Each structure stands twice: as structure tokens, then as C-alpha cells.
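Data block below; observations after.
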Amino acid sequence: MSDAKPITAEDRAYPFPHSEEDAVRARHIPDTPQTRSPAYQLAFTDRDFLLREELRPVRLQLELLKPQMLLDEAGVESTVVMFGGARIPSPENAGRARTPTLAKLSAYYEEARLFAQEMTRRSLETGGREFVITTGGGPGVMEAGNLGAHQAGGKSIGLGIVLPHEQAPNVYVTPELCFNFHYFAIRKMHFLMRARAITIFPGGFGTLDETFEALTLIQTGRMARVPFLMFGAEFWDGIINWKALAEAGTISEEDLGLIHYVETAQEAVEVIDASPKP
């Protein structure tokens, strides 16, 4: 086996100017009608050009590449995904919940925090490479997941999305692993590309969307059969009648085995520990 170190960008001998050098030079040029024209601006520094309709494929590629490269540089090899409702309050804020049901569901905020805490302890045993907690970076269950990882002394990922109303990431996401997306589809890819386990906590439309997409990928064999854990049997059975789908024949009876119901962080950890590595 060779002891040679991989060549980095700094090691390479470039015969041409680096793009950063030309970007700086282009800002210090004579002011003329020609240089003021948008046509003269370097393509990769031209925001208006990059936001054109025809450049959508490039923007899609950039949203795929940026988190991928930064996660690789951070040494993240596998993740534990936590999906769940942004409106679920912490137990101490349950009294301000908008409905009695949401107040009751605050128990899952605490289970999410405990679960993330325990999985992060396992992550730290791998040097922070495996089992890295990943959430949507927002409030509710997402906040609980990032909080648990933070309390355990580990890093966690937040995959945000630009929404019509102003929303900042929760304060517990590791800053250098906090990403923002324009394209929902690319964000969803990043949720699942490194997933060693997927956990679903009570939630709304967004949680349901993520649930069905991940389940479909596993059911159709487009994704490895990783542990798929749903917290709160009473909540989910009141919303989705899985058995009715099997009885109707729209899914197979065996497909019901893709889902594990759990109630506590400890149960979820035990299922993951007992599952083979994909």
C-alpha cells in the first residue's frame, strides 16, 4: 500500500491564474461603458446571470455539491435523520401550545432530545464520523434533535429551506454544518444520502411528505433498508391506516415490516443497535 498523501488543490501547479485572482482583478479595472456592461462581468461572479432560468441545472448542481463537499471535508460518513413537527413545543412550553394535542405531544420533544443525545455519544466514539444527527434545522422536534447532540458534546447537521416567512436555524445546529436550500428535491437527497437510520416524530404535512418519500425509496429498493422508526403509535395510527393499504393490495403485507413503532429514545436506540449496517 502506498504511503503517498492525496494531492490537494494547494499542492497542484496551475499554469493559469486562479479564478479567485481574476475575480479580484476584475473588480479593479478602468470604469468605461464597456466594463460597466453586464456582458463584461465574469460569468461566475454575475449574480443576475446565475439566477437566469436557463441556469437552473447549474444551481441544482451547486446545491448538491456545496453540502456534499463540506460534509466530506468535515469527515461525516453516516447520519441519523430526525423528521418531525416544527410546532411541537418543549415540555416547559407545553402550556403555551395552540392545542391540547400539541401540548401532549411535547413528550416527544423530550424523547427526541434524549435520542439525539444517545446517538451522538455513539457518534463521538467514531470521532464524529458516524451517526451524526441530521434535522431540518428548525424549531420543534428539529430543535430537540440538535439540542440533544449539542448537550452530548457532538456536532449535528441542519438542512434548512428558504420559506416565505423569515426563519433562522435553531441555535443548536453546528454552524459549519448548517445549510440552506432553495430546491426541496436536493435538500431531500441530502437527508437520505448518508442515512444509517430514519426517525419520524409526530408532525404535519412536511413530516408526512418526508415519511412517504423515504418509505417509497426503501420499498422500491432505491435505498438500502435502514431502520425506519416512527415515534408515537397512537398518533400515527390515528392518521395513517397502514393495514388498510395492505388489505386493499396497494402495498404488500411484507411492506408493513418496513416500519418500527417506538415510544421512547431507548427503544429506538435498541432497534438501531440491533440492525445490520447497510
Side-chain angles (χ1 to χ4, degrees), residues 6-79 81-83 86 132-139 142-143 146 155-195 205-207 209-210 213-214 217 222-223:
I7 296 174
T8 65
E10 290 76 16
D11 297 327
R12 295 190 182 97
Y14 287 105
F16 302 113
H18 193 280
S19 54
E20 177 62 28
E21 294 176 315
D22 273 357
V24 172
R25 288 176 183 142
R27 291 197 294 268
H28 299 87
I29 54 176
D31 183 24
T32 70
Q34 290 75 25
T35 62
R36 287 196 296 271
S37 169
Y40 191 76
Q41 189 171 350
L42 288 169
F44 58 84
T45 67
D46 187 343
R47 180 178 180 275
D48 290 336
F49 173 69
L50 291 174
L51 294 180
R52 285 178 57 153
E53 180 74 14
E54 300 91 334
L55 270 289
R56 178 177 289 149
V58 174
R59 295 194 299 274
L60 283 162
Q61 184 179 23
L62 290 173
E63 284 213 340
L64 182 64
L65 273 174
K66 181 180 177 180
Q68 179 77 5
M69 292 170 66
L70 292 179
L71 289 171
D72 283 345
E73 289 169 7
V76 176
E77 296 178 12
S78 72
T79 59
V81 179
M82 297 178 66
F83 293 131
V132 180
I133 291 296
T134 301
T135 79
M142 295 172 280
E143 176 188 272
N146 297 120
K155 57 191 176 184
S156 68
I157 299 166
L159 304 178
I161 187 82
V162 177
L163 297 172
H165 53 278
E166 186 176 345
Q167 177 177 301
N170 71 68
V171 299
Y172 304 110
V173 181
T174 302
E176 62 269 25
L177 300 180
C178 188
F179 303 100
N180 201 18
F181 290 85
H182 171 68
Y183 297 106
F184 263 99
I186 301 300
R187 178 178 180 248
K188 288 177 179 178
M189 283 189 67
H190 277 294
F191 269 123
L192 301 179
M193 283 169 66
R194 301 169 193 244
F205 285 164
T207 305
D209 175 48
E210 293 153 347
E213 181 145 39
L217 288 170
R222 296 297 299 170
M223 179 179 177

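Here the structure is a predicted model, which means the values were calculated and not measured.
By the 6.0 Å contact criterion, CZ on F184 is open, its count of non-hydrogen atoms from other residues, nucleotides or ligands being 12 or less. Residue R36 places its CZ atom among more than 12 non-hydrogen atoms of other residues, nucleotides or ligands, all under 6.0 Å distant. In this structure, M189 places its CE atom where only 12 or fewer heavy-atom neighbours from other residues, nucleotides or ligands lie under 6.0 Å away. A 6.0 Å sphere centred on NZ of K66 holds no more than 12 heavy atoms belonging to other residues, nucleotides or ligands. Around the CD atom of Q61, the shell of radius 6.0 Å holds no more than 12 heavy atoms that belong to other residues, nucleotides or ligands.
Q68 is listed as a side-chain neighbour of D72, based on a closest heavy-atom distance under 4.5 Å. In this structure, the side chains of V132 and R194 stay at 4.5 Å or more apart for every pair of heavy atoms. Taking 4.5 Å as the limit, some side-chain heavy atom of E63 sits within range of a side-chain heavy atom of H182. Contact of the T135 side chain with the L159 side chain is not registered, since no non-hydrogen atoms from C-beta on lie closer than 4.5 Å. At least one side-chain heavy atom of N180 sits less than 4.5 Å from a side-chain heavy atom of V162. The side-chain heavy atoms of I133 and I157, taken from C-beta on, include no pair separated by under 4.5 Å. Annotation: side chain of I161 is in contact with side chain of L163 (closest heavy-atom distance under 4.5 Å). Side chains of V76 and K155 form a contact here, defined as non-hydrogen atoms less than 4.5 Å apart.
Closest approach of G136 to R187, counting heavy atoms only: CA-NH2, 3.5 Å. Taking every heavy atom of both residues into account, M223 and A195 meet most closely at CE-CB, 4.1 Å. Summarising the geometry of F49 relative to L55, their closest heavy-atom pair is O-CG, 3.5 Å, with the distance given to 0.1 Å. Nearest heavy-atom pair, D46 versus P38, reported as atom, atom and distance to 0.1 Å: OD2-O, 3.7 Å. Scanning all heavy atoms of the two residues, the minimum distance from A26 to L42 falls at CB-CD1, 3.8 Å. Minimum interatomic distance between A23 and T45 (heavy atoms only, all atoms of both residues): CB-CG2, 4.1 Å.
In this structure, F83 and F191 have perpendicular ring planes: the angle between them is above 60°, well past the 30° mark.
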Apply the test side chain to side chain contact (heavy atoms under 4.5 Å, CB included) to residues L64 and H190: give CA-CA distance (whole Å), side-chain angles for both, the deciding distance (0.1 Å), then the verdict.
-> CA-CA 8 Å; L64 182 64; H190 277 294; 3.8 Å; yes
Start with the C-alpha distance between K188 and E213, add both sets of side-chain angles, then the distance that settles salt bridge (Lys or Arg N to Asp or Glu O under 4.0 Å), and finish with yes or no.
-> CA-CA 9 Å; K188 288 177 179 178; E213 181 145 39; 3.0 Å; yes
I would like to know whether L50 and F44 meet side chain to side chain contact (heavy atoms under 4.5 Å, CB included); could you show each step before the answer?
-> CA-CA 7 Å; L50 291 174; F44 58 84; 5.7 Å; no
Could you please spell out the steps behind the side chain to side chain donor-acceptor pair (under 3.5 Å) verdict for Q41 and R47?
-> CA-CA 10 Å; Q41 189 171 350; R47 180 178 180 275; over 6 Å; no
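Residues in residues 51-60 take part in these side chain to side chain donor-acceptor pair (under 3.5 Å) pairs, two or more places apart or across chains: R52-E54, E53-R56, R59-Y183.
Without hydrogens or angle criteria, N170 side chain to P139 main chain gives no donor-acceptor distance under 3.5 Å. Not one N or O on the side chain of T134 forms a donor-acceptor pair closer than 3.5 Å with the backbone of T79. Although no hydrogens or angles enter the test, the distance criterion places no donor-acceptor pair under 3.5 Å between the side chain of T174 and the main chain of L177.
To the nearest 0.5 angstrom, M142 atom CE is 12.5 Å from S156 atom OG.
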